[in-house]
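Chain letters run A, B, ... following the sequence lines, proteins first and then strands; every chain starts at 1.
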Amino acid sequence: MRKLGIDFYQRANVLQIAKELLGKVLVTNWNGPDGYREETSGRIVEVEAYNGVIDKASHASGGRRTNRNEIMYADGGVAYVYLCYGIHHLFNVVTNKKEAPHAILIRALEPITGIDVMLERTGKKELDNSLTRGPGNVSKALGIFTKHTGQSLLSKTLFIAEDDFVWSKRELATSPRIGVDYAGADAKLPYRFFIKGNPFVSGKPK
DNA sequence: CTGACGATTCACT
DNA sequence: GTGAATCGTCAGC
């Protein structure tokens, strides 16, 4: 496993980065209550790209800049985590350089390590598709909260890595983003990328 | 200070 | 398919 470097995140094409994130491994490694590290990780199978100030679906649409989304304007390679519906913590990867507010929402993972810890965090009894299906569930399973916003993705407790795993091209699918109907024409942009047929991908199958 | 609402999820009809 | 949960954020007064 090789941790992705800063250059991966700071490129200008957020759609390209989003596609490349499919198949990578998202890892958290927080200190557990007993002092031991609790590593949890999963392979990324669904993402959505948010393309800066020109993207009406983005929190940074039109150059909108608030205390909440300020971190989107930072140099790429950090986390943007915010609370949605007062319940769900949604985890995003900030990309591009300073002042270019690009972000990629991680929507689903296929669990790899720490499944027992994830079950504990989510209150589930056994592994099924719902454990890391959907952005709210991803954060819950990996123990990601709004307090982690701004944390470097090159840190020891939160990072993304690659191994030698590769998808076949046929498995890559594209669609409009979910839950962004307020964005007018931009709601139709094909900025959601996922692995066709993977059971952890959110939404109805096909 | 106030009110409206959201890049969602889940239980229920 | 419908609706509730739940609270920080933000625009407007």
Side-chain angles (χ1 to χ4, degrees), chain A residues 9 14-15 17-19 21-22 26 42 44-74 76 78-96 100-111 118-151 153 160 173-194 198-206:
Chain A
Y9 301 103
V14 68
L15 300 176
I17 301 173
K19 266 185 263 192
L21 277 177
L22 292 176
L26 174 62
I44 298 169
V45 298
E46 180 186 358
V47 299
E48 281 178 5
Y50 287 84
N51 192 21
V53 299
I54 61 168
D55 184 351
K56 292 233 180 356
S58 171
H59 289 166
S61 168
R64 197 155 165 278
R65 191 161 186 157
T66 66
N67 196 51
R68 178 178 69 162
N69 74 4
E70 178 62 29
I71 197 64
M72 294 179 80
Y73 291 82
V78 297
Y80 170 41
V81 187
Y82 72 94
L83 187 65
C84 188
Y85 292 96
I87 305 171
H88 307 290
H89 300 254
L90 303 204
F91 170 74
N92 296 257
V93 173
V94 175
T95 69
N96 211 331
H102 290 184
I104 298 166
L105 173 67
I106 307 299
R107 292 192 56 93
L109 306 175
E110 189 176 280
M118 295 194 222
L119 290 171
E120 201 174 309
R121 285 174 182 154
T122 56
K124 293 177 189 294
K125 298 228 166 19
E126 53 188 71
L127 174 61
D128 65 21
N129 297 345
S130 73
L131 185 63
T132 50
R133 182 181 204 243
N137 290 330
V138 167
S139 297
K140 198 170 181 187
L142 293 200
I144 296 171
F145 301 95
T146 52
K147 67 176 180 184
H148 298 118
T149 211
Q151 178 162 343
L153 298 177
I160 299 174
T174 305
S175 85
R177 291 167 292 187
I178 293 176
V180 297
D181 295 343
Y182 56 83
D186 287 354
K188 298 195 168 65
L189 293 171
Y191 285 2
R192 172 172 175 253
F193 305 98
F194 60 99
N198 186 287
F200 290 92
V201 170
S202 65
K204 336 177 220 200
K206 182 86 166 278

Choose from B:dC10, B:dA7, C:dC10 the nucleotide whose nearest atom is closest to any side-chain atom of A:Met72.
B:dA7
Closest nucleotide among C:dC10, B:dA7, B:dG6 to the A:Thr66 side chain
C:dC10
Distance (rounded to the nearest 0.5 Å) between A:Ile104 CD1 and A:Phe91 CZ
10.0 Å
Nearest-Å distance for atom pair CG/P, residues A:Leu83 and B:dT9:
13 Å
How close or far is atom C1' of B:dT9 from atom CD1 of A:Ile178, stated in whole angstroms?
13 Å
Taking the minimum atom-to-atom distance to the side chain of A:Tyr82, which one of B:dA7, C:dC10, B:dT8 wins?
B:dA7
Whole-Å distance separating the CG atom of A:Asn92 from the P atom of B:dT8:
11 Å
Within the pair A:Arg68 and C:dC10, is there a side-chain N or O less than 4.0 Å away from OP1 or OP2?
yes
Could you tell me whether A:Arg107 sits above the aromatic face of A:Phe194, with NZ or CZ closer than 6.0 angstrom to the six-membered ring centre and within 45 degrees of the axis?
no
Is any N or O donor-acceptor pair between the side chain of A:His59 and the base of B:dA7 shorter than 3.5 Å?
yes
pair A:Met118-A:Leu142: side-chain heavy atoms closer than 4.5 Å
yes
Distance check needed: B:dC10 C1' versus A:Lys140 NZ, whole Å only.
10 Å
Over 12 foreign heavy atoms within 6.0 Å of CD, A:Glu70
yes
Counting the atoms with a prime plus P, OP1 and OP2 as sugar-phosphate, which does A:Arg64 contact under 4.0 Å by heavy atoms, base, sugar-phosphate, or nothing?
sugar-phosphate
May I ask you to decide if A:Thr149's main-chain N or O and A:Tyr82's side chain share a donor-acceptor pair within less than 3.5 Å?
no
Let's see if you can work this out: which of C:dT6, C:dC7, B:dA7 has an atom nearest to the side-chain heavy atoms of A:Ile87?
C:dT6
If we take the C1' atom in both C:dG3 and B:dC5, what is their distance in whole Å?
16 Å
Consider the side chain of A:Tyr182, meaning its heavy atoms from C-beta on, and name the nucleotide among B:dG6, B:dA7, B:dC10 that approaches it most closely.
B:dA7
Just checking A:Asn137: base, sugar-phosphate only, or nothing, at a heavy-atom cut-off of under 4.0 Å?
sugar-phosphate
If you look at every strand shown and take non-hydrogen atoms under 4.0 Å, does A:Leu90 touch a base, only sugar-phosphate, or nothing?
sugar-phosphate
Is there a Watson-Crick or G-U wobble partner for B:dA7 with both distances under 3.5 Å, and which nucleotide is it?
none
Distance between the P atoms of C:dA4 and B:dA4, in whole angstroms?
16 Å
Checking base pairs now: Watson-Crick or wobble, both atom distances under 3.5 Å. What partners B:dC1?
C:dG12
